[in-house]
Enquirer: 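Just dropping this structure here.
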Amino acid sequence: MMSLSPRLNIQLTFALCSIISFFVALSTMFILFGRLNADEGWYLYASKLVYLGMRPYQDFAYTQTPFLPYIYGIPQILMHGLYTGRITSFILSFLGLILSLAATHNLVGKRGLIVTALLWGTFGYGIYFHSITKTYALTTFLFVFTLYLLSHNSKNMITISLITASVTLASLTRLSAFFFAIPILFYLFFSSNSKAKWVLLLTGLLGAFWLTWLAFPDPEIVFWNLLTHHTSQWEEFTLYLKIQNI
């Protein structure tokens, strides 16, 4: 691949730093002044309850797959509050931005970095939802971490284990992420050796075991939280829109 001239390198670095700075500034504005979303208190309260020994679904209603409270609850142990949740989201989204730039560099080199940065830095609506306490920042981080690992095109056991864990945790953060996990897991399964297939199987079983534990002793509650609650609110919506809102 043709190397860039020193002058072009400086211009590229300046443009990249400017876009990233704009992303940080806009995220900071949304953290401090962004409109309160009704779901934020729900996620923060769930994050508090899980570290009091309560289980999602059985001890309190929780209408997404259960991983988020266990991540957002960690900083809540040190400092409660809306801003703590939003800062957690910002950290995850910023890491996602850096990882997506790294993945772009692995795949197409420096010339693709500006396009990737612009996609992150100019989507104000997306930056808002990645700066508040919702599932999007954590899910996106896990998506991008997966793509970053795939960009190395490595088939060693550590990489395969991390990819499998990442897509599994994404599905355990937001149910619709399962549709992201399926093609990646199929790709890994059919392109890996027998040992890697065991890693895929065991990771999937661990995720299923966790959900089964949370579903005991009343699986119908889990079904209501994850599916019925969402689909029953949009009876006139198409199937696509119902899935989009899960």
Side-chain angles (χ1 to χ4, degrees), residues 19-48 50 56 61-76 79-104 115-148 166-167 169-181 225-227 229-231 233-234 237-238 240-246:
I19 298 168
I20 293 173
S21 297
F22 181 76
F23 173 87
V24 172
L26 198 56
S27 297
T28 302
M29 185 189 74
F30 286 134
I31 290 170
L32 297 174
F33 308 112
R35 185 180 64 181
L36 182 66
N37 185 281
D39 289 342
E40 289 189 89
W42 191 265
Y43 287 122
L44 291 171
Y45 190 51
S47 300
K48 176 183 177 181
V50 295
Y62 186 74
T63 56
Q64 284 293 346
T65 39
F67 184 56
L68 180 144
Y70 294 92
I71 296 299
Y72 278 71
I74 296 171
Q76 292 289 326
M79 185 173 68
H80 295 295
L82 176 69
Y83 291 134
T84 304
R86 289 187 170 191
I87 291 170
T88 304
S89 291
F90 165 70
I91 292 170
L92 290 168
S93 63
F94 184 76
L95 289 173
L97 166 59
I98 299 303
L99 284 173
S100 67
L101 291 173
T104 301
V115 175
T116 300
L118 281 171
L119 289 172
W120 276 84
T122 60
F123 184 29
Y125 185 77
I127 294 174
Y128 164 71
F129 277 102
H130 283 74
S131 302
I132 63 174
T133 309
K134 299 272 282 183
T135 58
Y136 304 118
L138 179 55
T139 306
T140 299
F141 166 74
L142 292 167
F143 280 179
V144 176
F145 181 57
T146 301
L147 296 176
Y148 168 73
S166 184
V167 296
L169 291 175
S171 301
L172 291 169
T173 301
R174 188 171 180 88
L175 185 61
S176 54
F178 184 65
F179 297 102
F180 164 81
N225 276 272
L226 296 183
L227 291 173
H229 166 76
H230 298 281
T231 56
Q233 297 182 56
W234 305 295
F237 281 23
T238 63
Y240 170 76
L241 288 175
K242 287 182 177 181
I243 293 173
Q244 189 181 47
N245 281 273
I246 293 177

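Please read all numbers here as calculations on a predicted model, not as lab measurements. Sequence positions, counted from 1, serve as the residue numbers for this chain.
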Enquirer: Check the pair S27 / H130 against side chain to side chain donor-acceptor pair (under 3.5 Å), numbers first and verdict last.
Expert: CA-CA 8 Å; S27 297; H130 283 74; over 6 Å; no
Enquirer: Nearest 0.5 angstrom please: T135 OG1 to L142 CG, how far?
Expert: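 One finds 11.0 Å between OG1 of T135 and CG of L142.
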Enquirer: Could you report the tightest heavy-atom contact between T133 and Y43, atom names first, then the distance?
Expert: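 It is O-CD1, 3.3 Å.
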Enquirer: CZ of F22: more than 12 outside heavy atoms within 6.0 angstrom?
Expert: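 No.
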Enquirer: Is the count of non-hydrogen atoms from other residues, nucleotides or ligands lying under 6.0 Å from F178 atom CZ greater than 12?
Expert: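 Counting other residues, nucleotides and ligands, CZ of F178 stays at 12 neighbours or fewer.
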Enquirer: Count the heavy atoms of every other residue, nucleotide or ligand shown that sit under 6.0 Å from CZ of F143, and state whether that count exceeds 12.
Expert: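 Count over threshold, so yes.
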Enquirer: With the side chain counted from C-beta on, respond yes when L92 and T140 share a heavy-atom pair under 4.5 Å apart, and no when they do not.
Expert: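 Contact flag for L92/T140 side chains = no.
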Enquirer: Compare every heavy atom of Y72 with every heavy atom of Q76, then report the nearest pair and how far apart it is.
Expert: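 Taking every non-hydrogen atom into account, CG-O, 3.1 Å.
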Enquirer: Atom CH2 in W42, atom OG1 in T63: separation rounded to 0.5 Å?
Expert: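 It comes to 7.0 Å.
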Enquirer: Compare every heavy atom of D39 with every heavy atom of K134, then report the nearest pair and how far apart it is.
Expert: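 Reported closest heavy-atom pair: NZ-OD2, 2.6 Å.
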Enquirer: Please list, one pair per line, the donor and acceptor atoms closer than 3.5 Å that link side chains of residues 116-128 to other protein atoms, with sequence neighbours excluded.
Expert:
residue	atom	partner	partner atom	Å
T116	OG1	T104	OG1	2.8
T116	OG1	G112	O	3.3
W120	NE1	S100	OG	3.0
T122	OG1	L118	O	2.5
Y128	OH	R35	O	2.6

Enquirer: Without hydrogens or angle criteria, can the side chains of S166 and T146 be said to hold a donor-acceptor pair below 3.5 Å?
Expert: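 The criterion, which ignores hydrogens and geometry beyond distance, is satisfied for T146 and S166.
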